[in-house]
Amino acid sequence: MTGDKLVVENLNAWYGKTHAVQDISLSFPDKRATAIIGPSGCGKSTFIRCLNRIHETQPKARAEGKVLLDGADVYADDPTEIRRKIGMVFQRPNVFPTMSIYGNVAAGLKLHGGYSHDEMDRLVIESLKKAALWEEVKEKLDQSALQLSGGQQQRLCIARALAVQPEVLLMDEPASALDPISTARIEDLIFDLKNQVPVVIVTHNMQQAARVADRTAFLYLGKLVEVAPTRDLFERPAEKLTESYITGRFG
Amino acid sequence: MAEPPVGTGTDPLPATGPAEPAGATPSPSQGPDRRRSFTGVVDRFFGGLSTLAALVLIALPALLIVIITQASWRAIVRFGPGFVIGQFWVPSASPTSPITFGAAPFVAGTLETSVIAMLIGVPLSIGAAIFLAELAPDWLRAPVASVVDLLAAVPSVVFGLWGLYVLVPYMRSNVDPALVHYLGWTPLFASHAGSQSGVSVLTASIILAIMILPTISSVSREALRATPDSQREAALSLGATRWEATRLGPLAYARSGIFGAAILGLGRAMGETMAVTMTIGNSDNFATSLFDPGQTLSSKIAINFGNALPLEKSALIELGLILMGLSLLVNVAARLMLRSMTRMGGSAP
Amino acid sequence: MRPPKRLRRRVKSAVLLGLCATAVLITLLPLASILLECFVNGAGAITPAFFLQNPPPPCNPGPTTPCPVGGIQDALLGTLLLVVVASLIALPVGILGGIYLSEFQDRPLARPARFLADVMTGIPSIVIGVFVFGIFLFFAEQGWISSFSITSGYTGAVALAVIMIPVVARTCEEALRLVPVSIREASLALGIPRHRTILRIVLSAARGGVITGALLAVARAGGETAPLLLTAGFTTGAITGLSGWTPSLPVLIYYSAAGGYANTTQLAWGAALMLVLIMLLISVGARLALRNKFGGRTA
Ligand SMILES: Nc1ncnc2c1ncn2[C@@H]1O[C@H](COP(=O)(O)OP(=O)(O)OP(=O)(O)O)[C@@H](O)[C@H]1O
Ligand SMILES: [Mg+2]
C-alpha cells in the first residue's frame, strides 16, 4: 500500500512469560495521526514501544514480527538509528534535569553530531517553535529545564524529540499528567504536527482521540480488535467489543 | 436522632431525652489512672534516655575538637602557626639543631597520596558502579556487588601486610622499573639512588586506591540505581547508544551523589593509617618523586606515638588536629553533597 | 558523514562499557589476591599451638636453632575483651540514639544528631585514637587516674566504642525506618504505651536490621589497628585484664609483620587469615540476619 509510512506485520511482544502484544498487524499512513485506545493493561504502551525498539531495552522483554519503516525492516537496522528516525514522547515529562532548556533540545543533535553551531541553533529554535514553547522560553534558554511547569516540560520533551527530525512521532498518553489547558495546547500541537510527520498517539481519553486522530485502533487484551477512520470507529463500530468499550460498558 | 418518628402515640418506646441514668458513664476508678501516669513516667524516662543518646551523638564531634585541641595545646603554644609549614621533625636537641617540629612534609604526603589514590580509584570505582548498576544482568549484580563490598570488610592492617609482602615486591621488580623506563624523564617518576625499594609514595597510593574502591563504588551504585527509568528512556528514544544513554541519563542524574561518594572516598584515603604506614617507607623528607619514601599525617602519628615524650606527643596530637580538620572539611562537604542529592528527587535507596 | 560517525559511536559505547566491566574485574583482583595470600602464607601457621601460645622472639630458622612460629592466644583474647567492653558501651548508646533518630525524628535534635553521626563515621580512626588518648591524658593530669592507666585496655575499649556508636546509631535508625508506620499506629491505637511500642514492637520487627548494624560495627571495631596502637598498647606477654597494656589481633599483625623475620612474618599471615575469616564470617552473618526480616532489603 502506498502512502503507508510505517507498517507493522504480526507483531508479538513479551515480558518474560506475559504475552503483552499478540499478533498485531497495523499500518500508519503518512501525514496522519493514529490514535490507539483500549483499556488499561491491554498492551498499548508495549505496542508502540516495539515500534522504536525501546521495548527490548527492558529486562526480559522480547519482541517478534516485522516493523517496516518505508519498507525497510526496523528490526534489521541499528536501533540507535531507528530511534532517531522514530521519535517518542512519554507519559510523564522526562527532561534531563541537569541540562538547560537549550541543552535538552540539543541533546539528540549533539549525540548524532555533524551539525554546525548555527545549524544547531536553528534546529533548536525551530523545534521549540513547533512545540509551541518558543515564546515562553526564548528569554531563558540557558536556564535549567527543571524550572518549567509540567506542561512546559512536556512540550520541551516534544521539542527535544522533534529536533532530531524524526520521520514518525510516537506519543504515549502525552497529556495524561497535565491540566486541561496544557492538554489543549498539546492537542493543537499534534493537530499541526501530523502534517509534517505521522503521529501515533496512545490515549485513554476518547474525546482526545476524536479531536486529534484521523484513524483510531482499538486494542483489547493484547490483540487488535478494530482499526478504522476515527469517525467510523466511534459512530459505527464494526465489532461488538469496540462498541461496548466506547459506550463505557466495561473497562 | 433524638426526634421521635411521626405518630408514635402508641409507640411503646419511652421518649427518653438526654436524661441518662447517672451510673451509665463509668466513674473514673483509681487503678487505670495511676497506671496511666506510671506509664507516662516510663515513657518520659525512656524518651529522656534516647534524648541523652542523641546528645552523645552531638557531643562527640564537639568533644573531639575540644579534647584534641586541648591535648595539642602545648605544641600549639610552643611552635605557633609555624608548625604547619615547619619542615623538620627533631624530637631531641642535637649540636646542629634545637628541638623542633613541623607538619609540612606530612601534610604534603597526605595530600599527595590521597590525590593519586583518587586519580586511580575514582575512575575504577565509577566504572565498576556503572557496570553493576546499569549493565550487569540481575543474576550477576547482587553477588558481585556483595563481593565488592567484602573488600570493605578487610581490615586495613591486612591490606598493609598484603601491601608489604605482595604489592611492594611486585612494584619493585615489575611496575617501578617499567615506569622508570617509560616515564623516568619526568620529575614525578624520576628514580634516584635508593628509591627502588618498592616502598614508596606510589605504592601507598595504590593501596589507598584499592581501599577506597568499595566506598566510592557502593555509594555511586546506589545513586545510579536511584535514577528513574524514564531518564534512560529519554536518552534511548533520541537514538543514544547504550553508553550515551548511561551518560545522559543515570550519570548526569546521579552526578551529585557520585561526587559525594568520591569525596567520601577522599576522606577515607586521607585518614587511612595502617596500610600506608606499612608501605610508604616512613621518611620525614619531602617526596619529590613518586618512587621516594614518604610519610603522611596518620603514618607519622602511628610510627612515633608509642615512644614520644610529652612535647613530641603533643606535636603528634597537633598532627591529628590538622588531619581532623582536613577530614571534617571533606566529610561535611560529602554529606552536604549526598544530602542535596536525595533532596533533588532521587528516592533515597 | 553519517555512517562513519555512527560506527564510531557504537565502537565508543562498546569500548567504554567494556572498560566498566574491566573495572569490576580490577576491583575484584586485589580481594582475590589478599584472600589467596592469606591462605597460602597463613594456613601453615594455624596449628593447635597457634591458639595456645604467644608471639615468639623474632628469628630466622638456622640449621640448628629452632625458630618457633608461636601463636595468638592472648591477642585473640585481648581483641575479644576489647570488643565486648566496647560493645557494652556502644550498643546501648547507639541503639538508643538510633531510636531517637527514627522514632523522634521531628524533634529538634534529630537532624543535627544524624548529620554529626554521619560526619563522625568519616573521621579517621587514628584521630579517634588521638581523641580518646587525649581524654584519658586529661583524666591523668587531673589526678583522677594514674598516668600508667592512660595506655590500657579500657582506653582502647572506649576508643573502639566511640568508633562504633555512630555506626550503630545510623544503621539502627535505617532499620527502624523500614518498619511501616501502620504497625506503630496500630500498637498505639491499642493503648500500648509509646516506650513499649518502640521496644517490644518496632524494635522487634526491625531486629534483623539492628543486629546487622551491630555486627557490622563489631566487625569494624575488631579490625581496627591504629586507635589501639595509641590507646591499648601491645605486649607479647600474657594479658592481665584491661587495666594494663592489652594485646590485640590487629596490632599483633602490625608488629609481627615488621622486620621481615621468618617466624613472625608467618605468624602475621596466620593472624591475618584468622582476622579475615572472622571478618568475613561476621559480614556474611550480618547479611543473613538482614535477609530474614522484612523480605530481605536488597542493598
Ligand atoms: N515491565 C513490565 N514487566 C512485566 N509486565 C509488564 C511490564 N510492563 C507491562 N507489563 C504487562 O504487559 C501488559 C501490557 O502493558 P502495557 O503497559 O502495554 O498496557 P497499557 O495498555 O499501556 O496500559 P495503560 O493504559 O495502563 O498504560 C500488562 O498486562 C502489564 O501487566
Ligand atoms: Mg501505557
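Keep in mind that this is a model prediction, so the values were computed, not measured. Chain letters run A, B, ... following the sequence lines, proteins first and then strands; every chain starts at 1.
The nearest pair of heavy atoms linking B:Gly127 to C:Cys20 is O-CB, 3.3 Å. What you find for C:Ala113 and B:Ile58 is that their closest heavy atoms are CA-CG1, 3.7 Å. The nearest pair of heavy atoms linking C:Arg9 to B:Ala240 is NH2-CA, 3.9 Å. When all heavy atoms are compared, the tightest approach of C:Val127 to B:Gly320 is CG2-O, 4.0 Å. Minimum heavy-atom separation, B:Ala54 to C:Tyr100: CB-CD2, 3.5 Å. Contact between B:Val157 and C:Pro250 at its shortest, heavy atoms only, is CG2-O, 3.6 Å.
In this structure, chain B has a heavy atom under 4.5 Å from the side chain of C:Leu229, while its backbone stays farther away. Both the backbone and the side chain of B:Ala302 come within less than 4.5 Å of a heavy atom in chain C. Contacts of C:Arg114 with chain B are absent, with no heavy-atom separation under 4.5 Å from either backbone or side chain. Proximity to chain C is limited to the side chain of B:Thr273, based on heavy atoms less than 4.5 angstrom apart. Interface remark: B:Leu164 contributes side-chain atoms only to the contact with chain C (heavy atom separation under 4.5 Å). Contacts of C:Leu28 with chain B are made by side-chain atoms alone, with heavy-atom separations under 4.5 Å and no backbone atom involved. The contact between B:Leu213 and chain C is made entirely by side chain atoms (from C-beta outward), counting heavy-atom distances below 4.5 Å. At a 4.5 Å heavy-atom cutoff, the contact between B:Ile210 and chain C is made by side-chain atoms alone. In this structure, no portion of B:Leu319 lies under 4.5 Å from any heavy atom of chain C. Only the side chain of C:Leu101 has a heavy atom closer than 4.5 Å to any heavy atom of chain B. Contact annotation for B:Val148: both backbone and side-chain heavy atoms come within less than 4.5 Å of a heavy atom of chain C. Residue B:Ala209 does not touch chain C at all, counting heavy-atom pairs closer than 4.5 Å. Only the side chain of C:Leu199 comes within contact range of chain B, with heavy atoms under 4.5 Å apart. Neither the backbone nor the side chain of B:Glu134 comes within less than 4.5 Å of any heavy atom of chain C. Within the 4.5 angstrom heavy-atom criterion, no atom of C:Glu103 approaches chain B. For chain C, the nearby parts of B:Ser146 are the backbone and the side chain; heavy atoms of each come within less than 4.5 Å. Interface residue B:Leu161: backbone and side-chain heavy atoms are both found under 4.5 Å from chain C. Contacts of B:Val154 with chain C are made by side-chain atoms alone, with heavy-atom separations under 4.5 Å and no backbone atom involved. Contacts between C:Ala169 and chain B at a heavy-atom distance below 4.5 Å involve the side chain alone, from C-beta outward. With a 4.5 Å cut-off on non-hydrogen atoms, B:Arg268 does not touch chain C at all. Neither the backbone nor the side chain of C:Phe234 comes within less than 4.5 Å of any heavy atom of chain B. Proximity to chain C (any heavy atom under 4.5 Å) is shown, for B:Met324, by both the backbone and the side chain.
Contact of the B:Leu150 side chain with the C:Ser283 side chain is registered, since non-hydrogen atoms from C-beta on lie closer than 4.5 Å. In this structure, C:Pro30 and B:Trp162 have side chains that are in contact, with non-hydrogen atoms separated by less than 4.5 Å. Side-chain contact check for C:Thr27 versus B:Ser125: every heavy-atom pair is 4.5 Å or farther apart. B:Gln70 places a side-chain heavy atom less than 4.5 Å from the side chain of C:Glu141. Side-chain contact between B:Pro155 and C:Glu224: absent, with no pair of heavy atoms (C-beta onward) separated by less than 4.5 Å. By the 4.5 Å heavy-atom criterion applied to side chains, B:Arg335 and C:Thr121 are counted as neighbours. The side-chain heavy atoms of B:Leu60 and C:Leu116, taken from C-beta on, include no pair separated by under 4.5 Å. Contact check for C:Phe133 versus B:Ile317: side-chain heavy atoms found under the 4.5 Å cut-off.
Ranked by heavy-atom pairs shorter than 4.5 Å toward chain B, the options C:Ile253, C:Val130, C:Leu109, C:Leu17 are led by C:Leu17. In terms of heavy-atom pairs under 4.5 Å with chain C, the best-connected choice from B:Leu124, B:Leu64, B:Asn331, B:Leu167 is B:Leu64. The choice from B:Val166, B:Val66, B:Leu321, B:Leu316 that makes the most heavy-atom pairs within less than 4.5 Å of chain C is B:Val166. Annotation: maximal heavy-atom pairing with chain B below 4.5 Å, among C:Ile95, C:Val162, C:Leu35, C:Val119, occurs at C:Val119. Taking chain B as the reference chain and counting heavy-atom pairs below 4.5 Å, the highest number among C:Val93, C:Val276, C:Leu230 is found for C:Leu230. When the candidates C:Ile165, C:Leu137, C:Leu216, C:Ile135 are compared by the number of heavy-atom contacts under 4.5 Å with chain B, C:Ile135 comes out ahead. Annotation: maximal heavy-atom pairing with chain C below 4.5 Å, among B:Leu63, B:Leu328, B:Leu49, occurs at B:Leu63.
Relative orientation of the C:Phe104 and B:Phe46 rings is tilted, given thresholds of 30° and 60° on the angle between their planes.
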Task: Worked verdict on C:Thr265 versus B:Tyr165 for side-chain hydrogen bond (donor to acceptor under 3.5 Å, both in side chains) - done: CA-CA 9 Å; C:Thr265 304; B:Tyr165 285 101; 3.2 Å; yes

- [ ] Would you please test B:Leu57 and C:Arg170 for side-chain contact (heavy atoms from CB on, under 4.5 Å) and show each step?
- [x] CA-CA 10 Å; B:Leu57 291 178; C:Arg170 288 292 275 126; over 6 Å; no

Open item on the list: Would B:Phe131 and C:Thr22 count as a side-chain contact (heavy atoms from CB on, under 4.5 Å) here? Give the steps.
Closed with: CA-CA 9 Å; B:Phe131 180 82; C:Thr22 317; over 6 Å; no

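A distance of 4.0 Å separates OG of B:Ser327 from CD1 of C:Ile123, quoted to the nearest 0.5 Å. The structure places CZ of C:Arg107 at 7.0 Å from OG of B:Ser50, a figure rounded to the nearest 0.5 Å. A distance of 10.5 Å separates CG of B:Asp149 from CG of C:Leu31, quoted to the nearest 0.5 Å. Summarising the geometry, atom CG belonging to C:Leu228 is positioned 10.0 Å from atom CE belonging to B:Met274; distances are rounded to the nearest 0.5 Å. With rounding to the nearest 0.5 Å, the separation of CD in B:Glu244 from NZ in C:Lys12 is 6.5 Å.
Crowding of C:Arg177 atom CZ: a count of heavy atoms from other residues, nucleotides or ligands under 6.0 Å exceeding 12. By the 6.0 Å contact criterion, OH on C:Tyr261 is open, its count of non-hydrogen atoms from other residues, nucleotides or ligands being 12 or less. Other residues, nucleotides and ligands contribute over 12 non-hydrogen atoms within 6.0 Å of the CZ atom of C:Phe115. The environment of C:Arg10 atom CZ is sparse: at most 12 non-hydrogen atoms of other residues, nucleotides or ligands sit within 6.0 angstrom.
Side chain of C:Ser13 to main chain of B:Trp243: a donor-acceptor pair is present (N/O by atom type, distance under 3.5 Å, no hydrogens or angles).
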